[in-house]
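In this text, all values refer to a predicted model and were calculated from it rather than measured experimentally. Each ligand, and each atom within it, is numbered from 1 in the order the structure gives. The basis for the numbers below is simple: all heavy atoms, side chains too, and nothing from hydrogens, waters or symmetry mates.
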Amino acid sequence: MYNVKARAAFGATEPFQQTEITRRDLDEKDVLIEIKYAGICHSDIHTVRGEWGEVEYPLVPGHEIAGIVKETGTAVQKYQVGDRVGVGCMVGSCGHCEHCQDGEEQYCEGSNGPIDTYADVDQYGDYTQGGYSTHIVVSEDFVVRIPDTIPLEKAAPLLCAGITTYSPLNHWQAAGKNVAVVGLGGLGHMAVKIARAMGANVTVLSQTLSKKEDGLRFGATDYYATSDSETFKTLKNSFDLIINTVSAILDFDSYLSLLKLDGTMVNVGAPAEAAPVHIDSLISGRRSFAGSAIGSIKETQEMLDFCGKHNITPEIELISADKIDEAYERVLRSDVRYRFVIDTKTI
Ligand code: NAP
Ligand code: ZN
């Protein structure tokens with residue numbers, strides 16, 4: 001076992017504290033990764049605060065992990081000591097179900113679904129602890145390679161914000177289409193950059209126009225405030241695809257009215273509350289209301305290579321570990337530009 005340093009939540013709204021956790025000894029397919037950077041995702045906040053269900057404390061969040069391989073198990077084939085690697089939202093899955101067999105482990109139908117990087121129970125019966133830490137042990141099957149052209153601190157947010165937006169844009173074939181991105185936060189700003197690089201025509205729908213210059217710089221051609229009711233009149237029947245990244249419930253019928261015939265609104269934002277939708281909003285334009293969960297390991301590698309090739313990286317604010325509580329407050333106020341990343345040497 002390895003004793004490693006971490007920052008943990010000791011309660012839903014308690015301040016983060018320095019602690020020590022253990023990582024398992026290397027199994028034959030495991031790699032020990034020295035974590036260099038860990039992104040802060042809004043999902044960390046939903047989880048820590050118990051919004052998605054009860055969790056055990058102390059809890060070390062973090063599923064946007066970038067680091068360096070320090071040791072490898074005896075049967076590891078893909079990675080060597082010194083490799084630049086990442087770990088995202090999953091660290092395991094059953095491996096046998098239809099979706100695991102098809103390389104879509106994020107939809108694993110095993111008894112526990114995919115094993116989340118934190119706040120879950122792994123194949124050894126241990127409670128998983130995430131990336132706000134100096135080291136992690138993960139099976140090589142759930143590790144991806146970071147292209148040399150992407151600095152490690154900028155790679156971290158790609159492991160969740162990047163793949164969660166790349167996957168639906170890829171699945172619903174954004175290229176050449178009119179795509180709206182709702183919410184310009186961590187996921188939203190990646191959606192804009194990736195959709196543009198895929199060849200989509202991108203519009204941002206943000207609460208206000210305060211980030212308009214940024215949105216246009218990231219690759220959007222249009223930018224509208226959703227607080228202005230005229231927006232919904234102007235943009236009626238405009239989009240083939242809407243990617244909703246908002247962490248709260250919206251008036252979904254208003255957004256559905258912005259879709260063209262056969263358009264799809266994909267929700268990646270994951271508020272805890274039920275989402276009310278009038279069926280007529282779907283019937284009237286043969287529209288679809290959909291959702292999407294992160295992306296597979298194979299697709300995560302594909303996304304990293306795509307970002308490396310197209311020079312796509314997130315806008316980050318690098319923080320020390322004692323600033324996690326402050327960062328959470330700023331994310332909750334939509335005051336994030338556009339992803340907080342923890343420099344783990346400060347843990
Ligand atoms: P974030 O950085 O906080 O971005 C969310 C953005 O939504 C905000 O910046 C804000 O953008 C907008 N927003 C926030 N509250 C709003 C409200 N009440 N009404 C309208 N707009 C609001 O969060 P994130 O890290 O990108 O994560 C976004 C959501 O995706 C979270 O719910 C997270 O749990 C979820 N998520 C899902 C998956 C998945 O697999 N499906 C993966 C990762 C994250 P503007 O200021 O531009 O309006
Ligand atoms: Zn996330």
Side-chain angles (χ1 to χ4, degrees), residues 38-49 51-53 61-65 86-90 104-107 113-114 116-119 130-132 156-169 171 180-193 203-215 218 220 223-228 231 242-252 254-255 266-273 275 290-296 299-300 303 314-317 327-341:
I40 294 180
C41 177
H42 205 121
S43 302
D44 301 351
I45 306 178
H46 290 304
T47 308
V48 164
R49 304 213 160 179
E51 292 169 16
W52 287 345
H63 58 205
E64 295 188 333
I65 297 170
V87 176
C89 303
M90 304 178 278
E104 298 255 46
E105 318 79 3
Q106 74 277 30
Y107 300 114
D116 297 337
T117 304
Y118 59 82
Y132 300 2
L158 297 176
L159 276 304
C160 176
I163 183 59
T164 303
T165 49
Y166 179 92
S167 184
L169 288 165
H171 182 81
V181 173
V182 190
L184 195 68
L187 266 58
H189 93 293
M190 286 315 305
V192 172
K193 291 186 179 206
T203 299
V204 175
L205 303 176
S206 179
Q207 293 168 96
T208 67
L209 295 179
S210 63
K211 295 177 278 190
K212 181 171 179 181
E213 261 177 43
D214 288 348
F218 301 156
Y223 199 108
Y224 289 86
T226 53
S227 52
D228 180 354
T231 292
I242 297 176
I243 305 287
N244 171 25
T245 74
V246 174
S247 46
I249 292 290
L250 299 175
D251 174 7
F252 293 107
S254 307
Y255 288 85
V266 184
N267 296 279
V268 291
E273 304 81 15
S292 180
I294 48 172
S296 68
E299 199 176 28
T300 304
M303 174 277 306
E315 310 293 309
I316 64 162
E317 204 172 311
Y328 274 31
E329 289 308 322
R330 284 187 52 197
V331 170
L332 289 168
R333 289 200 304 268
S334 299
D335 178 23
V336 52
R337 300 285 189 283
Y338 282 86
R339 201 56 144 184
F340 290 105
V341 174

Check your understanding: Is the ring centre of Tyr338 less than 6.0 Å from the ring centre of Phe218?
Key -> yes
Starting from [atom], find the nearest protein heavy-atom neighbour and note its residue, name and distance.
atom	result
atom 46 (O) of ligand 1	Lys211 NZ, 2.7 Å
atom 11 (O) of ligand 1	Leu184 N, 3.3 Å
atom 4 (O) of ligand 1	Gly185 CA, 3.4 Å
atom 39 (C) of ligand 1	Thr164 CG2, 3.5 Å
atom 14 (C) of ligand 1	Ser334 OG, 3.5 Å
atom 29 (C) of ligand 1	Thr245 O, 3.3 Å
atom 37 (C) of ligand 1	Val268 O, 2.8 Å

Exercise for review: Measure from the Zn ion (ligand 2) to each N, O or S atom of His42 and report whether any distance is below 2.8 Å.
Suggested key: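 His42 does not place any N, O or S atom closer than 2.8 Å to the Zn ion (ligand 2).
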Practice item. Could you tell me whether any N, O or S atom belonging to His63 is less than 2.8 Å from the Zn ion (ligand 2)? Key: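 Yes, His63 qualifies, because one of its backbone or side-chain N, O or S atoms lies under 2.8 Å.
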Exercise for review: Might you work through the side chain to side chain contact (heavy atoms under 4.5 Å, CB included) test for Ile40 and Tyr132, ending with a clear yes or no?
Suggested key: CA-CA 9 Å; Ile40 294 180; Tyr132 300 2; 3.6 Å; yes
Using a 4.0 Å heavy-atom threshold (strictly under), name the region of [X] that reaches ligand 1: side chain, backbone, both or neither.
X	answer
Ser247	both
Ser292	backbone
Leu250	side chain
Trp52	side chain

Study note, to complete from the structure: Vertex the Zn ion (ligand 2), ends Cys41/SG and Cys160/SG: angle to nearest 10° comes to 130°
